[in-house]
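Working notes, beginning with the structure itself.
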Amino acid sequence: MATATQTIPMEKSVAAYVAKPRLMLINGKWVPAASGKTFPTYNPSTGEILCQVAEGDKEDIDRAVAAARAAFDKGPWRNFTPSERGRIVWKLADLLEKHAEEFAQLESLDNGKPITMSRIADIPTSVDQLRYYAGWATKIEGNTIPISAHGAKFLAYTLREPIGVVGQIIPWNFPLVMATLKLAPALAAGCTVVLKPAEQTPLTALMLGELVQEAGFPDGVVNIVTGYGETAGAALAAHPNVDKIAFTGSTEVGKLIVHAAAGNLKKVSLELGGKSPNIVFQDAEIESAIPGAANAIFFNQGQVCCAGSRLYVEDKQFDKVVEGVSQLASKIRLGPGMESTTQMGPVVSEEQMNRVCSYLESGFSEGAKAVVGGSREGTKGYFVKPTVLVNTNEKMKVVREEIFGPVVTVMPFSDVDDLVARANNTPFGLAAAVWTRDIKKAHRIASELRAGTVWINCYGVLDSAMPFGGYKQSGWGREMGHEMLNLYTEVKSVCTPIS
Ligand code: NAI
Ligand code: MG
C-alpha cells in the first residue's frame, strides 16, 4: 500500500529563523559582516532562496581570531576544569537534543536531504559526538616516562595541552554533523575555535551557535563566521594567529589549505575526497551485499566522502548484483527534502548537479552505459536520478575521479591479486569494503587495501568512537575516537632530576 506523501509543516521557530538575515557569532555577539554584505543560501529542493546570511570576509575572520586568541590566552575558559569543560559540552548536546526537530527541518531545507534522514541520522549523530567528546574532557592524560639520561634519576612526564586557537572549515554534505565533530573534541581539549561553515549550508551551524550561547561558553570560545571559501576560508587558513586548521572538503582545496598554512606552520588535519572500492565476492551473502552496495552509494544522494562509488563484483555474480542494485535504484523515491516519503533528495546546489551531470556525459562519451538513471530529474530543484553505470574501466574519468553524486560504476573481476591492485589503483584511500563468507579472505584483503577504514560485510558504519580518515590523498590525521584528540592537543615533556 502506498504511503500518502505529506509535506512536513515548518515549525514556527524554523520559519521565523529563515525569515530574517542571519548574523555571525563573534566574541559572544551576533554581528553583521564588517562590509555589511550578505549572501543567499538556497533550498535545493526548489532552487529558491531560503535565507540571507552575513558574508564574512578577511576583516571578520581577523575579529573572530582576535576573540578566540584572547579567550584562549587570558579568558575564563583556561580556568575551566576538565570536568567543567565536559559538562558544558554535554549541556550543548542536551540542548541540541531538545531542539532536534527544528535542526532536522533546517538541515533538510538548507541541504535538501530527506527529513527522515536528518531525523534518524544527522541530528542524533551530532548529539552523540558531543556526548562522546564531553566524556573525554576528563580523560586526556599524559604518561610518566622512565628515562635513562645522564645516569641520574629523573622524574619525566608528558602533558597533553590544548593546541590553542583552532580554525575549522567544513563542507555541506553533513553540515551539522561536521560542525559538532569539529567543535566537540576541540572544546573538550580546551581549545578555542573559529568555525567556517560551507556557504551552501550555513544555517544549522549558526543555529547551533544560539545553543552555544545558551549552554554558557565564555565569549570568544566559539566563533562562527559565514562566508565563501576563497575569501573567509582562505583568510582563516592563512591567519598567523591560528595554531591549527582542521579541514573537511575537496582534495583540491585541501592542498590550498596546506600551502596557506605554511606561513606560520600551523598544524593541519585534512579529511578529503575518496573513490572507495566496494568488493563483492561470489561467496558473499548476496541478499545483504546488494542492498549494502546500493546504500553505499545512494545514501545522502551520494554526497558522502566514503561512498562506495567503485563497485567490483566477481564475474559469476556480476549480472545478478547489477540487476539487484539497479532495481533498488529504480525504486528510490526522489522528492523534496521536507516530504515525509522522500528517500532521496536533490543534490546540494545547481553547481553540484551540473558537476555530476557533466561526469555522466563524460562517462557516456567514453563508452559507459547507464542501466538506470543517467540524467537530471525534472526541471525544478537539483535532482539527479540514482545511476548505475556499466561498461566502465579504470581509464575512465567516472572511475578515477570523485563524482560526489548518486552514481556507481560497476566492474567485474576474476583474479583476486589483480583485484587488489585495481582497488588500490587510486590517489585516494579513505574507505573500502569486502563482502564474502570466507573469513580468511576477508581479513587478508582488509590488510591489503590501502584505506583508512575497511568494512567487512557491511558498509558506511561510522561511530564517534571509531577512528576515520584517509591514506594517500584522502587526508592527514584521524577523526573520531580518542585519536581525534591528538589533533587538538600538543604533547609537552617535563623532566627534573630527583637524585
Ligand atoms: P570545497 O572543498 O570547495 O568546500 C569545502 C569547504 O572549503 C567550504 O567551507 C568552502 O567554503 C571552503 N573553501 C573553498 N575554497 C577554499 C579556500 N581556497 N580556502 C579555504 N577554504 C575554502 O568543496 P566544494 O567545491 O563545495 O565541492 C567540490 C567537491 O569536493 C565535491 O564534488 C566533492 O568531490 C568534494 N567534497 C568532499 C567532501 C568530503 O566530505 N570529503 C565534502 C564536500 C565536497
Ligand atoms: Mg543551502
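Read the numbers this way: they start at 1 and go in the same order the structure lists the ligands and their atoms.
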Report task. Among all protein heavy atoms, pick out the one at the shortest distance from atom 20 (C) of ligand 1; state its residue, atom name and that distance to 0.1 Å. Result -> G233 C, 3.2 Å
Report task. Measure from atom 14 (C) of ligand 1 to every heavy atom in G273, P171, G229, G254 and give the option owning the shortest one. Result -> G229
Query - Side-chain donor-acceptor contact under 3.5 Å, Q303 with K113 - result: no
Report task. For the pair Y459 and W455, name the ring-plane relationship: parallel under 30°, tilted 30 to 60°, perpendicular over 60°. Result -> tilted
Requested in this report: Report the nearest protein non-hydrogen atom to atom 2 (O) of ligand 1: residue, atom name, distance rounded to 0.1 Å.
Outcome: S250 OG, 2.7 Å
Report task. Determine the sole option in V348, N43, V356, V347 for which the side-chain contact (heavy atoms from CB on, under 4.5 Å) test with Y382 is passed. Result -> V347
Requested in this report: Mind telling me whether F413 and Y312 have parallel, tilted or perpendicular rings, with 30° and 60° as the class edges?
Outcome: perpendicular
Query raised in the report: Hey, does T342 have a side-chain heavy atom less than 4.5 Å from the side chain of T116?
Result: no
Requested in this report: Taking the six-membered ring for Trp and the full ring for Phe, Tyr or His, determine whether the centres of F404 and W172 are under 6.0 Å apart.
Outcome: yes
Report task. Using a 4.0 Å heavy-atom threshold (strictly under), name the region of Q352 that reaches ligand 1: side chain, backbone, both or neither. Result -> side chain
Query raised in the report: So which heavy atom in the protein is nearest atom 38 (C) of ligand 1, and how far is it from that ligand atom?
Result: F404 CZ, 3.4 Å
Query raised in the report: With a 3.5 Å cut-off and no angle check, do the side chains of D110 and T201 form a donor-acceptor pair?
Result: no
Requested in this report: Considering non-hydrogen atoms only, spot the tightest contact between M466 and M480 and give its length.
Outcome: O-CB, 3.3 Å
**Report entry** T38 and E55: side chain donor to acceptor below 3.5 Å
**Finding:** no
Requested in this report: Tell me yes or no: between the side chains of E102 and S13, is some donor less than 3.5 Å from an acceptor?
Outcome: yes
Report summary line: Nearest non-hydrogen protein atom to atom 10 (C) of ligand 1, with distance, is E199 OE1, 3.5 Å
Report summary line: Note: I257, heavy atoms under 4.0 Å from ligand 1, region reported as side chain
Query raised in the report: Within 4.0 Å of atom 32 (O) of ligand 1 (strictly less), any protein heavy atom?
Result: yes
Report summary line: Under 4.0 Å between heavy atoms, the region of Q200 that gets near ligand 1 turns out to be side chain
Report task. Measure from atom 29 (C) of ligand 1 to every heavy atom in R355, E402, Q303 and give the option owning the shortest one. Result -> R355
Report summary line: shortest atom 39 (C) of ligand 1-to-protein heavy-atom contact is with C305 CB, 3.6 Å
Query raised in the report: Hey, looking at atom 5 (C) of ligand 1, which of N173, I245, T248, I169 has the closest heavy atom?
Result: T248
Report task. Would you mind checking if E339 and R333 are paired as a salt bridge, meaning a charged N to carboxylate O distance below 4.0 Å? Result -> no
Report task. Of all the heavy-atom pairs spanning T251 and G273, show the shortest one and how long it is. Result -> OG1-N, 3.4 Å
Query - Shortest protein contact, atom 18 (N) of ligand 1 (heavy atom only) - result: L256 CD1, 3.7 Å
Query raised in the report: With a 4.0 Å heavy-atom cut-off (strictly under), which part of I170 contacts ligand 1: side chain, backbone, both or neither?
Result: backbone
Query - Atoms in ligand 1 with a heavy atom of A234 nearer than 4.0 Å - result: 19 (N), 20 (C)
**Report entry** contact_flag W172 ligand 1 heavy-atom lt 4.0 Å
**Finding:** yes
Query raised in the report: Does ligand 1 have a heavy atom under 4.0 Å from the side chain of A237, from its backbone, from both, or from neither?
Result: neither
**Report entry** Heavy-atom proximity to atom 15 (N) of ligand 1, best of T226, T251, V253
**Finding:** V253
Report task. Please report which non-hydrogen protein atom sits nearest to atom 7 (O) of ligand 1, along with the residue it belongs to and the distance in Å to one decimal place. Result -> F247 CE1, 3.2 Å
Report summary line: atom 41 (N) of ligand 1 sits nearest the protein heavy atom L272 O, 3.0 Å
